[in-house]
**Student:** 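Input: one structure, supplied below.
Lettering of chains follows the sequences in order, A, B, ..., and the numbering in each one begins at 1.
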Number of protein chains: 2
Amino acid sequence: MSRPTLKAIAKRAGVSVATVSRALSGRGRVDETTRQRILRIAEELGYAPDMAARSLVLRRTENVGFLIHALQSLSPHTFYGEILTAVERELRRHRYHLQFATVEDEALPALIKENRVDGLLLVGCDLPASLIQGLKERGLPVVLVDNHVPGVDSVFTDNTGGAFQATAHLIRLGHRRIAFIAETLDNLSFRERLEGYRQALEAHGMPFDPALVAEGERGFEGGFLAMSTLLQRARPTAVVAANDPTAASAMRAIRAHGLRIPEDIAVVGFDDDPLAVHTEPPLTTMRVFRSKMAVLAVARLLDLIKNPEQPALHIRIETQLIIRQSCGSPLT
Amino acid sequence: MSRPTLKAIAKRAGVSVATVSRALSGRGRVDETTRQRILRIAEELGYAPDMAARSLVLRRTENVGFLIHALQSLSPHTFYGEILTAVERELRRHRYHLQFATVEDEALPALIKENRVDGLLLVGCDLPASLIQGLKERGLPVVLVDNHVPGVDSVFTDNTGGAFQATAHLIRLGHRRIAFIAETLDNLSFRERLEGYRQALEAHGMPFDPALVAEGERGFEGGFLAMSTLLQRARPTAVVAANDPTAASAMRAIRAHGLRIPEDIAVVGFDDDPLAVHTEPPLTTMRVFRSKMAVLAVARLLDLIKNPEQPALHIRIETQLIIRQSCGSPLT
DNA sequence: TATATTAATGGAAATATTTTCAATAAAACC
DNA sequence: GGTTTTATTGAAAATATTTCCATTAATATA
């Protein structure tokens, strides 16, 4: 009643296990008629190779680890959820499997020490640098997703360029007092977006005013808090939010102050989160290509697994301005 | 430079691999001083057991599969994201690992055929019954999470009871024309919630009016659509939404019709999603204990892995009414 | 002191697969 | 027809671990 092995197939087919292995794997030659017979018997018995035995001799697991910081996790940002499912689908296409793990500290997850994965996707920019370094030293193929550090392969979003575009859009619409808010600046992506905002002001000969930058706190409340504190000390005509949840929650704060969107304050978000179409008014935002990021990261990782000695590649994906109603469309 | 093996440790310690294995695993006796010596050497060499070799001989992987339907996935419902991270944390506490996979059709995932997992968590009620049946027949330990069918262990939410409570709350507040909306009724949980609503009406001697039930479509737009169509044919004073995203999006539809919440229409959601505190007004909802569900499911599954021959257990977790402002608090 | 008991250890088998090497059989060539 | 080449196959080694069984050494008992 237990799972059929090569041996069982060999016995039935009256050949050796070596031949069966060759027939099924396609490596090495085997007579066409016996190959057919073996394939048929394997099918009949519902044979599937035992992963443990195979990975013992082959020294690979056909598993890829998906590591994410416990803080960041999958909620409330659906952001990484989308990446996770896209990664899994893409891996599956290549007959690979996904080990999911969150890391809470700097310790190497057991996944790695115990040889459970052939490579790793390190997702998000909250993973400790020491961990990344430790993995690199182990010689395990690693690709950073939505993050980048020198010396390690990465696939990430052009945050700076995106925020530049978003800010430039507001400037184009005539805004001169533009604010920037984030849940936290404790995060590389958000700092890069701040930098893009700054560069856009500079490129248009506008001053950077620190009073127009506000930070809230990590989590769903962040945008509300940031916007509220900002409104107490300044009165911008537009605001760039570090991401869409922040923007959505900032919109509530704006409204709570008795101001209208976009008439009094225009808002632009970042990420093109599913929620962006459902804010009141719908949110103009920078689209981030999450599944594209996933597909490219998987492709790169599988390539590194096959062929480890390669110079690091850094793949930056541009964003796209999606115009909705939160800035007052230039078309109306 | 490759990973140290038992053999390497044995050589250094001047003992056999059998002794090293015993010393490290703690099974079988070994002299205390040599055990210390072996432990020290293993530590020095940074030894970690090779998972493939171990799982080959032990016939277990210390892996648990987390299966979810591709449709349902992790987004836009952060719901399953929270369960996923909670499950992973709990598994890690027990030195188990998580294989994440989405299923698109009825085929047995390779995970299972190739012996990559010791057991499975089947999450959500969108997985095809034929798949569940197929797994059961393979004799693999399985626990359903947020779903239940006869004959298979399960941990799930008391949807019927929760919707009963939610509806009863509205009745207590004096409402007599209470509607029910869902993205779709193509989903067991949502049908159970409808059933709870129905039972509550019945228990209070109120008629069930099909005109007060509306379905939208799967996805973020669902609630808006359902509420809009409902408002075209009826004018309830309160509405029970099948989940919080539906409720949030229904609130936009209500406002779009020029009606106020809760003065014209009271709204109650379900799930206590993170977004519930951020709607305008904050949403009264039924709290669902996601991480509790995760912890119980993991515990049950690990128990089944250790001891497979047990009658199926069905663990139902009650919900809790969280009163915010979307129904008009009874306290004000 | 001789015998019985207990503790500690090593050898070897077992797990399921892949791959190398050698052997055999068949075909091709001179 | 004998020799060389080629195709097909099987035996065996290798992968890293656990565990059974036997052996040795040490201790306790008579």
**Student:** Would you say A/His69 and A/Pro128 make side-chain contact, with heavy atoms under 4.5 Å?
**Tutor:** yes
**Student:** Whole-Å distance between C/dA16 C1' and A/Ile9 CD1?
**Tutor:** 12 Å
**Student:** Across the strands shown, which category fits A/Val30 at heavy-atom distances under 4.0 angstrom: base, sugar-phosphate, nothing?
**Tutor:** sugar-phosphate
**Student:** Tell me the interatomic distance from A/Met51, atom CE, to C/dT17, atom C1', rounded to whole angstroms.
**Tutor:** 12 Å
**Student:** So does B/Arg35 have more than 12 non-hydrogen atoms from other groups sitting under 6.0 Å from CZ?
**Tutor:** yes
**Student:** How long is the line joining CZ of B/Arg37 and C1' of C/dT9, in whole Å?
**Tutor:** 12 Å
**Student:** Give me the ring orientation class for B/Phe100 and A/Phe100: parallel if the planes are under 30° apart, tilted from 30 to 60°, perpendicular past 60°.
**Tutor:** tilted
**Student:** Could you give the CG-to-P distance, from B/Asp50 to D/dT17, as a whole number of Å?
**Tutor:** 6 Å
**Student:** For B/Arg22, report the nucleic acid contact type (base, sugar-phosphate, nothing); a contact means any heavy atom under 4.0 Å.
**Tutor:** base
**Student:** For atom CD of A/Glu318, decide whether the heavy atoms of other residues, nucleotides or ligands shown that lie under 6.0 angstrom number more than 12.
**Tutor:** no
**Student:** It should be established whether A/Thr19 places a side-chain nitrogen or oxygen under 4.0 Å from OP1 or OP2 of nucleotide D/dG10.
**Tutor:** yes
**Student:** Evaluate whether atom CD of B/Glu32 has more than 12 neighbouring non-hydrogen atoms of other residues, nucleotides or ligands under 6.0 angstrom away.
**Tutor:** yes
**Student:** Whole-Å distance between C/dT18 P and A/Arg29 CZ?
**Tutor:** 19 Å
**Student:** Looking at the side chain of A/Val15, which of D/dG10, C/dT17, D/dT18 is the nearest nucleotide?
**Tutor:** D/dG10
**Student:** Closest-nucleotide mapping onto DNA chain C: is B/Asp31 or B/Leu56 further toward the 5' terminus? I mean the 5' end.
**Tutor:** B/Asp31
**Student:** Can you identify which nucleotide, out of C/dA16, C/dG11, C/dT18, has its nearest atom closest to the B/Arg59 side chain?
**Tutor:** C/dA16
**Student:** Of B/Val57 and B/Ser16, whose closest DNA chain C nucleotide lies nearer the 5' terminus?
**Tutor:** B/Ser16
**Student:** Would you mind reading off the distance between B/Ile38 atom CD1 and C/dG10 atom C1', rounded to a whole angstrom?
**Tutor:** 12 Å
**Student:** Below the 4.0 Å mark, does D/dT18 have OP1 or OP2 next to a side-chain nitrogen or oxygen of B/Ser21?
**Tutor:** yes
**Student:** Rounded to the nearest angstrom, tell me the gap between atom CZ in A/Arg27 and atom P in D/dT8.
**Tutor:** 18 Å
**Student:** Would you mind classifying the nucleic acid contact of A/Thr34 as base, sugar-phosphate or nothing, using non-hydrogen atoms under 4.0 angstrom?
**Tutor:** sugar-phosphate
**Student:** Base, sugar-phosphate alone, or nothing: which one does A/Arg54 contact when heavy atoms must sit under 4.0 Å apart?
**Tutor:** sugar-phosphate
**Student:** By nearest atom, which of the nucleotides C/dT18, D/dT17, C/dA16 is closest to the A/Ala53 side chain?
**Tutor:** C/dA16
**Student:** Which whole-number value in Å describes the distance from A/Lys113 NZ to D/dA16 C1'?
**Tutor:** 18 Å
**Student:** Examine D/dA16: is either OP1 or OP2 under 4.0 Å from a nitrogen or oxygen in the side chain of B/Thr5? Give yes or no.
**Tutor:** no
